[in-house]
Amino acid sequence: MSVILGIISLAALVTVVFFSYRSGGEITVKYGFTGVLAMVFSLVGVMLGVLTACDRNYYRFFPVLGVLLNLLALGGISLILYAGVNL
């Protein structure tokens, strides 16, 4: 589940950045809502990945991959927010 949430978050962020670039930087409320939803998905994905990685009954590849994907999405959101504040 963590990997799926990470993929959804990254895909949503890439889509929002592409469409906002295509419209010349003018974004609507739906793009902002999509970014917030991607952040919530990433936070839940990180929590699920960490909880699953701590359990010894599961293979560690997919939980670690899920945590990395979700942290990458959170890093992208943080970069967007940092650029928005400083530019």
Side-chain angles (χ1 to χ4, degrees):
M1 190 66 175
S2 178
V3 173
I4 293 170
L5 287 173
I7 291 171
I8 290 171
S9 297
L10 284 174
L13 284 178
V14 168
T15 304
V16 165
V17 169
F18 174 74
F19 283 126
S20 66
Y21 174 76
R22 195 168 157 191
S23 67
E26 309 247 344
I27 63 169
T28 61
V29 174
K30 62 183 175 182
Y31 295 149
F33 182 73
T34 304
V36 170
L37 194 61
M39 182 180 66
V40 170
F41 282 170
S42 294
L43 289 173
V44 171
V46 167
M47 288 188 300
L48 286 174
V50 168
L51 289 175
T52 307
C54 291
D55 193 4
R56 293 179 187 243
N57 294 330
Y58 294 103
Y59 293 110
R60 296 183 61 93
F61 176 73
F62 285 107
V64 171
L65 179 65
V67 168
L68 290 176
L69 287 175
N70 287 303
L71 287 177
L72 184 66
L74 284 174
I77 293 169
S78 300
L79 184 65
I80 289 169
L81 291 175
Y82 178 76
V85 169
N86 288 327
L87 293 179

Could you list the donor-acceptor pairs under 3.5 angstrom formed by side chains in residues 76-87, with sequence neighbours left out?
| unit_1 | atom_1 | unit_2 | atom_2 | d |
| --- | --- | --- | --- | --- |
| S78 | OG | L74 | O | 2.9 |
| Y82 | OH | N86 | ND2 | 3.2 |

Side-chain donor-acceptor contacts of residues 1-27 below 3.5 Å, not counting sequence neighbours, with atom names and distances?
| unit_1 | atom_1 | unit_2 | atom_2 | d |
| --- | --- | --- | --- | --- |
| S2 | OG | G45 | O | 2.8 |
| S2 | OG | N70 | ND2 | 3.2 |
| S9 | OG | L5 | O | 2.9 |
| S9 | OG | A38 | O | 3.2 |
| S9 | OG | S42 | OG | 3.1 |
| T15 | OG1 | A11 | O | 2.7 |
| S20 | OG | V16 | O | 3.1 |
| S20 | OG | V17 | O | 3.0 |
| S23 | OG | F19 | O | 3.2 |
| S23 | OG | S20 | O | 3.2 |
| S23 | OG | E26 | O | 2.7 |

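The number of heavy-atom neighbours closer than 6.0 Å to CZ of F62, taken from other residues, nucleotides and ligands shown, is 12 or below.
Transitive grouping of hydrophobic side chains (ILVMFWY, heavy atoms separated by less than 4.5 Å) keeps V64 and V67 in distinct clusters.
Distance check: M39 CE to T34 OG1 gives 12.5 Å after rounding to the nearest 0.5 Å.
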